[in-house]
Amino acid sequence: MSVCLSADGRYVLSSGGYTDRTIRLWDAATGACPRVFGDEPDSRRGIGSVPEVPSKRVRFSPDARFAISGGSDITVRIWELATGRCLCVLEGHEGKVSAVLISPDARFALSAGTGGSVRRWELDWDLRVP
């Protein structure tokens with residue numbers, strides 16, 4: 001389970017525990033939840049279905065336009081906050097991802113795994129974001 005506040009204080013990101021395995025974006029002023037990450041309205045599971053996103057750690061990018069998550073599926077994911085779309089999945093850890101961070105200049109993502117590994121990922125925003 002994880003929670004963080006955007007640098008400007010406007011938004012909160014939360015990642016659920018064992019019973020609610022979703023990532024949610026919250027408006028800090030109103031408490032409204034405008035986005036559930038991975039929500040797929042056109043999914044064959046039905047309108048409003050929310051798949052489980054196996055993430056335990058979440059953090060904002062410095063400009064709060066993106067989020068990074070990591071968890072039990074040993075991957076790191078970069079999310080676009082405006083759409084809730086997963087922009088990329090980074091693989092390379094051998095154990096669960098226990099910590100994630102986007103550098104202040106947003107050029108790198110950092111992640112740590114339970115197996116003791118620390119990874120630095122170079123983010124190529126020009127190719128990932130239209």
Side-chain angles (χ1 to χ4, degrees):
M1 185 180 270
S2 179
V3 65
C4 66
L5 182 66
S6 63
D8 62 8
R10 293 177 48 202
Y11 299 104
V12 174
L13 268 178
S14 67
S15 105
Y18 293 104
T19 56
D20 176 12
R21 298 179 63 179
T22 61
I23 298 172
R24 297 175 188 266
L25 176 69
W26 303 89
D27 183 307
T30 66
C33 178
R35 176 93 48 235
V36 178
F37 292 77
D39 194 1
E40 304 170 60
D42 297 327
S43 169
R44 61 189 151 116
R45 291 183 300 269
I47 303 271
S49 66
V50 180
E52 292 183 349
V53 178
S55 296
K56 298 291 184 214
R57 303 291 179 253
V58 290
R59 293 289 177 263
F60 283 101
S61 63
D63 62 4
R65 290 178 39 216
F66 303 95
I68 184 172
S69 70
S72 59
D73 69 346
I74 69 172
T75 66
V76 173
R77 297 173 193 269
I78 306 294
W79 302 89
E80 184 178 38
L81 295 182
T83 65
R85 187 170 58 113
C86 180
L87 299 176
C88 66
V89 179
L90 306 170
E91 298 175 336
H93 282 285
E94 294 181 13
K96 296 176 183 177
V97 177
S98 57
V100 291
L101 176 76
I102 295 180
S103 65
D105 63 3
R107 289 185 53 221
F108 300 99
L110 302 171
S111 58
T114 56
S117 64
V118 174
R119 309 251 336 168
R120 183 183 81 158
W121 313 89
E122 187 169 3
L123 301 175
D124 188 348
W125 295 111
D126 292 335
L127 296 177
R128 306 271 187 237
V129 180

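Shown here for Pro34 and Ala32, the closest heavy-atom pair between the two residues is CD-O, 3.2 Å. Here the shortest heavy-atom pairing between Trp79 and Ser69 reads NE1-OG, 2.9 Å. Listed here is the closest heavy atom pair of Leu123 and Ala106: CD1-O, 3.8 Å. Pairing each heavy atom of Arg59 with each of Ser2, the nearest pair is NH1-OG, 3.4 Å. Looking at every heavy atom in both residues, Gly31 comes nearest to Trp26 through O-CE3, 3.4 Å. Nearest heavy atom pair, residue Phe60 against residue Val12, reads CZ-C, 3.9 Å.
Taking Glu91 as the reference, Thr75, Val89 meet the side-chain contact (heavy atoms from CB on, under 4.5 Å) condition, with sequence neighbours excluded. Applying the side-chain hydrogen bond (donor to acceptor under 3.5 Å, both in side chains) rule to Arg35 yields no partners; only residues at least two apart in sequence or on another chain are considered. For the salt bridge (charged side-chain N to carboxylate O under 4.0 Å, His left out) test, no residue two or more places apart in sequence or in another chain qualifies with Asp27. A search for side-chain hydrogen bond (donor to acceptor under 3.5 Å, both in side chains) contacts involving Ser103 returns Asp105, not counting sequence neighbours. Scanning for side-chain hydrogen bond (donor to acceptor under 3.5 Å, both in side chains) contacts around Ser98 gives an empty result, with sequence neighbours left out.
Between the CZ atom in Arg24 and the OG atom in Ser15 there is a gap of 11.0 Å [rounded to 0.5 Å]. In this structure, Cys86 SG and Ile78 CD1 are separated by 8.0 Å, a value rounded to the nearest 0.5 Å. Residue Ile68 holds its CD1 atom at 5.0 Å from CD1 of Ile102, rounded to the nearest 0.5 Å. A distance of 12.0 Å separates CG of Leu87 from CZ of Arg77, quoted to the nearest 0.5 Å. Atom OG of Ser14 is separated from atom CZ of Phe37 by 9.5 Å, given to the nearest 0.5 angstrom.
In this structure, Leu110 shares a hydrophobic cluster with Leu101, the cluster being traced through Ile, Leu, Val, Met, Phe, Trp and Tyr side chains under 4.5 angstrom apart.
No side-chain donor-acceptor contact under 3.5 Å links Arg10 to the backbone of Leu5.
With a 4.5 Å cut-off on side-chain heavy atoms, Leu25 and Leu13 count as touching.
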